[in-house]
Colleague: 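Structure in structure tokens, see below.
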Number of protein chains: 2
Amino acid sequence: MNENTTGEELSASDLQSGRLSDFAYSSIKEQLARGAYKPGHKLPIRSVAEMLNVGATPAREAINRLVFEGALVMVGPKTVIVPHLDLAALYEVTQMRLALEGLATEKGALRATNDIVDKLLALQEKITLSLDEKRYGDALHDNKEFHFTIYRLCEMPHLLSTIEALWLRVGASFHDLYPEFAEAKYGVHNHLAAIEGLVDKDPSAVRAAMENDIRDGYRRLKKAAQQRLKRQ
Amino acid sequence: MNENTTGEELSASDLQSGRLSDFAYSSIKEQLARGAYKPGHKLPIRSVAEMLNVGATPAREAINRLVFEGALVMVGPKTVIVPHLDLAALYEVTQMRLALEGLATEKGALRATNDIVDKLLALQEKITLSLDEKRYGDALHDNKEFHFTIYRLCEMPHLLSTIEALWLRVGASFHDLYPEFAEAKYGVHNHLAAIEGLVDKDPSAVRAAMENDIRDGYRRLKKAAQQRLKRQ
DNA sequence: TCATGATTTTTGTTATAACAAAATTATGAA
DNA sequence: TTCATAATTTTGTTATAACAAAAATCATGA
């Protein structure tokens, strides 16, 4: 009974892991990554609990964890919201991404097999296609998969989960900027350069390409955010 | 009434923050950093709750948070323990430390005032003295303060808390190795080089010195851990 | 219209009990 | 003794109620 036949609401029975806390955490996280909530949206424990059909304890735990990771922010002793645009935070996250994703890239580059390279090429084709058809959600999804396919190569689990938390953090506040951000076939050149570096067994080249990708993304996101802030 | 007149047990009233979860988290964290528990020691929720005179909910939250940060590990669905020596984990943490602490150092170096430099010099003197008198606990404490005095300069709060989690992680598993690790006036040279770089307004020199410090520590810790593992 | 204070509602936190499942101990046979 | 299995205890998780405090709402006055 793993289907939602009615389609009326989410249910904890949809998840294999027994822990409702994890279910709540994943659910909120996914909605955040999809931009389901606007910046400033409040997330009270009881509302979240009701929405997910769980008690207050798992909902509270999930929310607190996301606050700790920076994907949600506390703006008062009893109010957590989806974070607003914050250029200082974007800068900080970007610097951490450069350091950590650069590390993961360089450490894992030499372990790339032919299968990995093929997978990356296929992903890049999908990304280009999605961009042409203006399916930005798909493009972003595959872009993430492209990055993490490379990062997983180094086999450093804690590093990986830290990087994931960083992606979630920028995704939460900046999701609504992604259309403007993604329009210009962002990243194609850098991704291809990364693949080349993997084939050539040249870790620092791959790292440079990925860092370039991160920096380009930062510049676009920053520009879009600044325009948004001025317009309002 | 902020004193523990009886001295018989810890009490939540010792903390200003209203949240018992935070109290529990800080308490366990401090004990971990002091090496109060041997690797392999079990931390069941109810025991922790009783020890700290709190309910199961805050104890559970604190333990789970420490597991998530890697300071404790789950070895079964219902068993969390203080982690054993694990050279792969030490390597991973060291790589992340190099990336993140290097970043924090470089970004903050130019903001060092004369007061900061004086504070660092004073700390270094204390460290040397503590080492001479074999007060390793004090030396470690001041060593940490030395590092974080530099890292705080960059004013990147999330970066700082991520670094703190890394320190806790190695502190928990490797605390009992610190005596052997610290004997040889470890770090003096690197610390002095870092201070020089701050005075010279040379961020990459400071970064290099701090990275050297981290690498030296890693080598010593690794050697001590290997000897320990062989002996057993 | 706006500020200010009082009132009401909402909200986070925590202790607790109940349940299911894991960990531990006891038991028995080879 | 050693290993498998059964019985027992311990343990993590969750829903819930109660409480205090914060947030929202309303009323009142200028």
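Chain identifiers are assigned alphabetically (A, B, ...) following the order of the sequence lines, protein sequences preceding nucleic acid strands; residue numbering begins at 1 within each chain. Here the structure is a predicted model, which means the values were calculated and not measured.
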Colleague: Rounded off to whole Å, could you give me the CG-to-P distance for the Asn53(A) and dT16(D) pair?
Modeller: 11 Å

Colleague: If we count only N and O atoms by modelled type, under 3.5 Å, do the side chains of Tyr91(A) and Lys107(B) hold a donor and an acceptor together?
Modeller: yes

Colleague: Would you find a donor on one side and an acceptor on the other, under 3.5 Å apart, between the side chain of His175(A) and the backbone of Ala33(A)?
Modeller: yes

Colleague: Given that Lys42(A) and Ala56(A) both sit by DNA chain D, which one's nearest nucleotide is further toward the 5' end?
Modeller: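 So the residue in question is Ala56(A).
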
Colleague: Which of these nucleotides, dG12(C), dT13(C), dT14(D), is closest to any side-chain atom of Arg60(B)?
Modeller: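 Selected nucleotide (nearest to the side chain): dT14(D).
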
Colleague: Out of dT11(D), dT13(C), dT14(D), which nucleotide sits closest to the side chain of Pro44(B)?
Modeller: dT11(D)

Colleague: Tell me whether the side-chain N or O atoms of Arg19(B) pair up with the base of dG12(C) as donor and acceptor below 3.5 Å, since no angle test is needed here.
Modeller: no

Colleague: Let me know the distance between CG of Leu43(B) and C1' of dG12(D), rounded to the nearest Å.
Modeller: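 Those two atoms, CG and C1', are 14 Å apart.
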
Colleague: Rounded off to whole Å, could you give me the CG-to-C1' distance for the Leu72(B) and dG12(D) pair?
Modeller: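 Taking atom C1' of dG12(D) as the reference, CG of Leu72(B) is at 15 Å.
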
Colleague: Nearest-Å distance, CD1 (Ile45(B)) to P (dA22(C))?
Modeller: 15 Å

Colleague: Any side-chain N or O of Ser21(B) below 4.0 angstrom from OP1/OP2 of dT13(C)?
Modeller: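 Answer no for this pair, as no side-chain N or O of Ser21(B) is under 4.0 Å from OP1 or OP2.
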
Colleague: NE2 of His158(A): more than 12 outside heavy atoms within 6.0 angstrom?
Modeller: yes

Colleague: To the nearest angstrom, how far is Glu61(B) atom CD from dG12(C) atom C1'?
Modeller: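 Value for this atom pair: 11 Å.
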
Colleague: Can you identify which nucleotide, out of dT13(D), dT11(C), dA15(C), has its nearest atom closest to the Arg46(A) side chain?
Modeller: dT11(C)

Colleague: I need the NZ-C1' distance between Lys78(B) and dG12(D), as an integer number of Å.
Modeller: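 Value for this atom pair: 5 Å.
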
Colleague: 5'-most contact on DNA chain D: Thr57(B) or Thr79(B), nearest heavy atom basis?
Modeller: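 Here Thr79(B) is the residue nearer the 5' end.
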
Colleague: Would you indicate whether the side-chain heavy atoms of Leu159(A) and Gln95(B) approach each other to under 4.5 Å?
Modeller: no

Colleague: Could you state the CG-P distance from Asn64(B) to dT11(D), rounded to the nearest angstrom?
Modeller: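 That distance rounds to 16 Å.
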
Colleague: With a distance cut-off below 6.0 Å to the six-membered ring centre and an angular limit of 45° from the axis, does Lys144(A) pair with Phe146(A) as a cation-pi contact?
Modeller: no

Colleague: Take the protein atom CE of Met74(B) and the nucleotide atom P of dT11(D), then report the distance between them rounded to whole Å.
Modeller: 14 Å

